[in-house]
Amino acid sequence: MIIDTHLHYGKKVMFDLDFSLLISLMEAHGIDKGLISSIECCEYRPDADELLEDQKPQIEANKELLEKIKGCGKDLYISFWCKPATEGNIDEVYSFIRENRHYVRGLKLHPFYSRLPLEDARYDPYIDIAEALDLPVSVHTANDSLSGPGQLLAMAKRFPRVNFIMVHMGLCSDNEEAIECLGQADNLIGDTTWVHFDKVLKAVEICGPEKMIFGTDAPIDGARSYAFYEQLLRAYQDDHAKWEHVMYKNAARLFGI
Ligand SMILES: [Zn+2]
């Protein structure tokens with residue numbers, strides 16, 4: 001069993017992430033279940049401090065994704081990508097997720113594409129929803145002033161009843177700060193997306209196998225989206241018991257899938 005907790009769909013900025021490509025990649029690599037989020041909820045341009053021109057409302061984007069996963073015959077669930085910088089319709093978001101709670105299994109925050117540091121209060125109502133509906137919150141983290149591992153640790157301490165996934169373990173860093181932060185809060189879990197195998201191994205050895213989950217960003221790298229994870233996938237084949245928590249058990253427990 002393998003659960004990929006970090007998948008994407010949609011057309012936005014420089015990305016065009018095809019749903020059928022994702023399904024075929026999952027089949028080719030033995031991915032049984034997944035958590036997917038719509039990149040069509042990006043709010044800001046990646047290269048300038050400017051809002052993207054064509055903003056798709058967060059509920060609309062997530063609804064479109066919902067229709068895709070309902071008809072695909074795969075065990076896919078939604079991580080609801082939030083738009084805290086541009087939308088305040090929290091009651092509607094709460095109702096949408098509640099109504100579709102079977103499919104919506106998590107929230108996704110992306111400080112880079114929302115241009116909001118994790119200290120910003122506009123995240124809080126979303127995290128209140130996560131707490132009320134028992135949803136883990138996946139957060140893009142990077143070596144920047146918006147989403148550093150230390151900033152996510154502080155958020156996890158502010159909301160001790162919510163589980164937070166530290167996606168990328170601090171992208172564009174050596175992951176050392178992330179590994180240190182993981183050990184400091186029970187409700188903080190690391191993710192393998194773009195993390196080199198030696199650092200995944202280090203995180204597991206220092207923090208324990210319950211503290212990491214498998215994620216990839218597929219199909220962001222096209223047909224080669226799982227190539228970066230070859231070593232990890234091989235390690236799992238060779239030593240099932242050592243890696244089963246990372247590859248599916250933790251995700252199954254956290255997301256209830
Ligand atoms: Zn991603």
Side-chain angles (χ1 to χ4, degrees), residues 2-19 21-23 25-26 29 31 33-47 52 56 58 61-62 64-65 68-69 76-85 104-116 118 123 126 130 135-144 146-149 151-152 155 163-173 175 178 188-196 199-200 212-229 232 246 251 254-255:
I2 301 178
I3 300 178
D4 188 337
T5 64
H6 196 99
L7 303 166
H8 289 299
Y9 160 75
K11 218 180 202 176
K12 201 78 182 181
V13 290
M14 67 282 230
F15 300 109
D16 183 357
L17 308 177
D18 184 59
F19 195 75
L21 171 64
L22 173 65
I23 298 296
L25 282 169
M26 288 177 72
H29 295 277
I31 311 301
K33 299 182 184 184
L35 266 288
I36 182 167
S37 54
S38 172
I39 62 162
E40 299 190 352
C41 291
C42 289
E43 296 177 290
Y44 277 84
R45 288 172 53 148
D47 54 347
L52 286 157
K56 187 178 276 185
Q58 56 192 347
N62 280 283
E64 283 174 13
L65 181 54
K68 286 254 168 210
I69 66 165
L76 282 171
Y77 300 89
I78 291 179
S79 187
F80 184 104
W81 187 315
C82 307
K83 297 185 70 174
V104 181
R105 298 292 175 131
L107 300 187
K108 156 93 172 177
L109 304 178
H110 204 306
F112 177 75
Y113 279 115
S114 292
R115 286 288 193 280
L116 280 189
L118 286 172
Y123 288 117
Y126 289 93
L135 297 161
V137 182
S138 297
V139 184
H140 168 97
T141 63
N143 186 18
D144 62 16
L146 302 171
S147 62
Q151 290 170 278
L152 183 58
M155 185 180 246
N163 286 311
F164 292 89
I165 319 290
M166 192 193 285
V167 178
H168 309 308
M169 302 280 288
L171 196 63
C172 303
S173 77
N175 309 117
L188 198 51
I189 297 99
D191 146 280
T192 66
T193 307
W194 304 120
V195 180
H196 286 284
K199 293 301 171 115
V200 173
M212 289 292 290
I213 57 172
F214 181 59
T216 66
D217 250 347
I220 235 161
D221 221 1
R224 289 187 48 76
S225 290
Y226 283 93
F228 183 86
Y229 307 95
L232 177 57
V246 176
L254 277 165
F255 297 102

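For this chain, numbers begin at 1 and follow the sequence in order. Counting starts at 1 for both ligands and their atoms, following the listed order. Not measured: the values here are computed from a predicted model.
Atoms CD1 and NE2, on Ile165 and His140 in that order, are 15.0 Å from each other to the nearest 0.5 Å. The line from CE of Met26 to CG of Leu21 is 12.0 Å long, rounded to the nearest 0.5 Å.
With waters neither drawn nor counted, the protein N/O/S atoms under 2.8 Å from the Zn ion (ligand 1) amount to 3.
A donor-acceptor pair is defined here as one N or O able to donate and one able to accept, closer than 3.5 Å; such a pair exists between the side chain of Tyr229 and the backbone of Thr216. A donor-acceptor contact shorter than 3.5 Å is absent between the side chain of Ser37 and the backbone of His8.
Between Trp81 and His110, the angle of the ring planes stays under 30°, which puts this pair in the parallel group of the 30/60° scheme.
With sequence neighbours left out, Glu43 forms a side chain to side chain donor-acceptor pair (under 3.5 Å) with Thr86, Ser114.
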